[in-house]
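Step one of this worksheet: look at the structure below.
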Amino acid sequence: MNSLSRPIVGVLVCLLVSRSLASFRMTNEVLLADPDSVNFREHHKSPMPDKEPYYLLNITSFGTLLGDDIAWATKNIPLFESANSTLDLVYYFRWRTYYRHIHATNRSDEIKWVVTEFAPNVPWAGDYNTINCAAGHHMTEGSWLRDGDYMQSYAKWWTLPEARHNYYYWWAHALAENVNKGNFFTEATVQGLIQMYKAQFFSYANGTVPAGSNSAFDIINDCLWNVPGNEGQEGSISGEGCRTLIQSLMFGEAQALGDLFALVGDNEGSSEMHLEADRWAKRVFALWNENISSFDTLRAPHPPPPPPPPLPPMPTGWELLPTHNGTFCCDQSPCANGHSTFLFEGSATRDVCVSKCLTNRRCAFVTFDDMGNWCFNAEFCNTTNPFAGPDPLHTVFTWKRPQAHHTQTPASTATEASATFAGVRELASLTSPWYFRVIKPTTPSAATYAAAWETAFDPEGLAAPFGLRTAEFRHPQYFCDIQRPKPGNGCCHWNGPMWPFETAKAISAAIYALNTFAAGDIPALTGDRLWTMLWQYTQAHTSTWRLVDVHSGDFIQNLSKSAAAPFLLPGTNNAWIAESGCADDTGGYDGPAWTDEAEQGYWYNHATFNDLVLSGVVGVRPTLHRSGTVAVVVNPLIPARTLPWWTADGILLGGKIVSVRYCMYLCYYTTQTCSVPYAMCSASMRAVVLLTSEAHTGLMSMERTTVDIMASKRLSMVLW
C-alpha cells in the first residue's frame, strides 16, 4: 500500500520553547493532519470549520479596515492584529487590493479564476488581462486564502497553451508554496500540473520562451543570456547578458519541480530535475564578481543560435575551425581589403569541395555551406573579408587542411568577443540566489555570499532612506524617476527606483536566510534589519510617500478626493502604493514619491505583502510530506522589543485552522480565552498555550513539550 493512502491515526505536537527574548524559535515540527478523513492522495478540498473560522480574534473588529469586503474576507483571509497599527492597516488594505485583482473567467472548465497585475485592461496582457511577470507573487500571496479554487484555477491557467508568456516567472516555486500548506492540491492534480509545466520549463531554459524575447542559451559561457525586460526589469544598469536573476530563477524552478515530483512519488522525474537544478546552481555561482563582492551580470554578445546537427566526419586530419563572432573568414588574399578572392568558388558537394582543395597545392582551407552546397577553396583565412553566406551561423563551416602550409594571418586573426562583468551591485542580483534558495548552509563560500547582504543596508549601496534601491547609489548611472515629465525621466526604469516587486523578493529572501542559517552565520542580516526592510515597505503604503501626477509632474496633495478614497483609512491619505518610485530624498531626488500611471494602489498587484507578515512576523512555515502530513515550524523573526505582541488567526494548514499568539510578556494578554496568572508575567520566560478545543485550554509549561491532540478538529497555537 502506498504511504499516501494510509489513514492518519493521530496528531503529535512537539514544541521546544526558547527562553531568549530576542529570538523565539520552535525548533521541532508541529505535525498537522485531520485524523479521520483526508490525505494528500484523496482529498480535493480541506474540511472547513462549521463555525466562523476564527478562534482568538473577531473579524467585526476590523470592519473599518475591510469595508465592503468583509464578507469575502471572512471566508478567505487569516486575521492579524499587532502592536503596530500601521502594519495592521496595510495588511488588510493589501487583502482588499488582492481581492480586486481576482477575476472570474466565466469558462465552462475548471479554470474559474485568474489573478491580474493591473485592474484596468492593458494592451500587453493576454486573455483575461493576465500577465505572467508577477504570477509567482500572485500565487504565493494567494496560497494563504482558504478558498482553494482561486489558486487551483490560476495555477492551471499558466500551463495552458493559450496563456500568454511575456516574461520569465517562477510558477513551480510558487506552486510549492501552495502545495506545502496541505489544503487543496491532490496528488493527481499536482502530477498533472508539473508534467504540463515541465516542457514549458525547458522552453524557458533554452530561450525559446518568451516568444520573440531575444533570450538564448549561451553555450560559450554556459548560461542563459537574457535582456532585463524579459524579467520585468527594464533599464537595469547591468544590461544584457548572463544575469544572476534568471539563472537563480531557473534553479528555483528546477528545484521546486524536483521536490514536487518526489512528493507525488515520481523518483525518475525528481532525479532529472534535481540534476538540472545542480547545473543551474553552478551557473549562478559563476556570476560571483570578486571585485565588487556581489553576484553580477556577465555582459556578453548575444549568443548564436544552437548549431545544426553535426556533419559526417571529414577525412582524417582535417581541423574544423571555430567561428569568429559568427562569421567565417577564408579568403585568397593574405591581408586584402575590400574584396574576396578564392582559389575556387562555386556549387559543389562537400566531397567534391574537399577533392578540389587536395588537388591544389596552394589550398589550405575549405569553407562549405552544407545547406546550399556551396564551396570555397582558399589559401589564407583572414578577418578582413569574412565570409558572409546566406546563413553562416547555421550552415557554413571551415576546415583546415592537414599539414597546410598557410595559417590564419596573425595580424587579422579573429577572436571571440570577451565577456566581462557589468560591475554593479543590484538588488535582484543580491537577493535572487537567496529567494530561490540556491545558497544553503552547506554551500561552499556561503559566508562570502552572505556578507553581500551588507550592501542592502549601506547608504551608498541599496539602502535609501525610505526603502530598497534597485541599484547602488554610488554607481554613476544611478537615477531615480521623480516627476516623470521632467527631461530624462521615464517609466519602468530599474536603475535606482524602489520597486515593490523586488522589495518583496528581498524581504522573502531574508526570511529564508534567517530561517535556514544558524544565528550569527549572516552577521549582515538580523531580525532588526528584517524589520527595517518590512517597516519601510509598510510605510510606502502611507502618506509618507507622495504621488506624482504623471501628466503635470505635480504632487497630488489629497487622495481622499480621488478614486482611491474607499480604500483610505477615514480622514487620512493612508493605504496606497504604485508600481515604482524613488525612496531617496537627497542628492536632487525629491522623494519619497511614486511615479506611475497606476495612480492608486488598488489598481496594481505586482508583489507580495501579507505573505511576508505571515511567514516572517508570525513565522509560519509549513511543509507537506509524502505521507500526507503537514509539518509546521513557527519561528517569529521580528524582535519582541520592536513588535511586543501580535495574533494571527484563521490560518488553514493541513485542513486545520491554526491560530498563533505572541507576547513579549505574559501579562500583555489577559483576555478570557488567553488569561494567565499575573505572577507568571516575567521577562525571562514564555509559555505555549494549545487551544485544542473551545472547551479545553491547556497550558504548556517549559518542561512539558509533548501534547497528544489526536481527537482535536482544530489546532490553535498561542505563543508567548
Side-chain angles (χ1 to χ4, degrees), residues 22-23 84 87 236-238 244-245 248 288-296 423-435 439 445-475 478 480 494-540 544-545 580-587 589 591-592 607-609 612-613 615-617 637-639 641-643:
S23 175
N84 188 307
L87 183 64
S236 296
I237 294 174
S238 56
T244 297
L245 189 156
S248 301
W288 179 258
N289 184 348
E290 294 182 353
N291 293 329
I292 62 172
S293 298
S294 174
F295 289 101
D296 201 356
V424 58
R425 300 171 184 88
E426 293 179 314
L427 186 60
S429 294
L430 166 66
T431 62
S432 292
W434 299 90
Y435 180 85
I439 302 172
S445 302
T448 299
Y449 305 141
W453 274 101
E454 194 62 50
T455 193
F457 308 99
D458 179 0
E460 291 298 308
L462 302 174
F466 294 92
L468 289 168
R469 305 176 178 114
T470 49
E472 59 182 329
F473 189 73
R474 63 174 64 86
H475 196 278
Y478 177 86
C480 260
W494 287 75
N495 54 350
M498 192 275 264
W499 284 73
F501 180 94
E502 200 60 41
T503 293
K505 275 181 58 193
I507 297 171
S508 185
I511 291 170
Y512 159 76
L514 289 171
N515 273 312
T516 307
F517 284 71
D521 281 359
I522 309 179
L525 196 59
T526 63
D528 287 317
R529 283 182 160 182
L530 174 65
W531 174 251
T532 295
M533 293 188 289
L534 181 60
W535 179 233
Q536 287 180 330
Y537 185 22
T538 302
Q539 288 185 300
T544 302
W545 281 61
S580 65
C582 186
D584 279 296
D585 62 352
T586 59
Y589 299 114
T608 59
F609 182 86
L612 308 176
V613 173
S615 65
V617 175
L637 294 172
I638 304 302
R641 62 182 178 277
T642 300
L643 202 63

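No experiment lies behind these values; they were computed from the predicted model shown. All heavy atoms count here, side chains included; hydrogens, waters and symmetry mates do not.
- Checking side-chain atoms of S429 against main-chain N and O of R425 turns up no donor-acceptor pair under 3.5 Å.
- Residues W288 and Y449 place their aromatic rings such that the two centres sit under 6.0 Å apart.
- One distance of note links CD1 of I439 with OG of S248; it measures 8.0 Å at 0.5 Å rounding.
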Verdict with reasoning, K505 to L245, per side-chain contact (heavy atoms from CB on, under 4.5 Å): CA-CA 11 Å; K505 275 181 58 193; L245 189 156; 3.6 Å; yes
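- A side-chain donor-acceptor contact under 3.5 Å links T532 to the backbone of D528.
- Here the shortest heavy-atom pairing between L468 and A456 reads CD2-O, 3.5 Å.
- Other residues, nucleotides and ligands contribute only 12 or fewer heavy atoms inside 6.0 Å of the CD atom of E290.
- Between P459 and F473 the shortest side-chain heavy-atom distance does not fall below 4.5 Å.
- The two residues S236 and W494 make their nearest non-hydrogen contact at OG-CB, 3.6 Å.
- A heavy-atom distance below 4.5 Å is not found between the side chains of M533 and L612.
- Considering only heavy atoms from C-beta on, E502 stays 4.5 Å or farther from S580 through its side chain.
- Judged by distance alone, the side chain of Q539 and the main-chain N or O of F466 form no donor-acceptor pair under 3.5 Å.
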Chi angles and distances behind the ring-ring contact (aromatic ring centres under 6.0 Å, His included) call for F295, W434: CA-CA 11 Å; F295 289 101; W434 299 90; 8.5 Å; no
From CA spacing to verdict: salt bridge (Lys or Arg N to Asp or Glu O under 4.0 Å), R474, D458: CA-CA 10 Å; R474 63 174 64 86; D458 179 0; 2.6 Å; yes
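- Although no hydrogens or angles enter the test, the distance criterion places no donor-acceptor pair under 3.5 Å between the side chain of R469 and the main chain of P497.
- Minimum heavy-atom separation, E472 to L462: N-CD2, 3.6 Å.
- Not one N or O on the side chain of S508 forms a donor-acceptor pair closer than 3.5 Å with the backbone of A504.
- Residues Q536 and G467 share a closest heavy-atom pair of OE1-CA, 3.3 Å.
- Between the D296 side chain and the G423 main chain, a donor and an acceptor come within less than 3.5 Å of each other.
- Of all heavy-atom pairs between W453 and T431, the closest is CH2-CG2, 4.0 Å.
- Listed here is the closest heavy atom pair of L87 and N84: N-OD1, 3.0 Å.
- Expressed to the nearest 0.5 Å, how far CG of L534 lies from CZ of F609 amounts to 5.5 Å.
- Looking at heavy atoms from C-beta onward, L427 lies out of side-chain contact with W499 at the 4.5 angstrom threshold.
- When atom types are taken as modelled, the side chain of N515 and the backbone of I511 share a donor-acceptor pair closer than 3.5 angstrom.
- Between the T470 side chain and the M498 main chain, no donor and acceptor come within less than 3.5 Å of each other.
- The distance from atom OG1 of T244 to atom CG of L430, rounded to the nearest 0.5 Å, is 10.0 Å.
- Between L525 and L530, the closest side-chain pair of non-hydrogen atoms is not below 4.5 Å.
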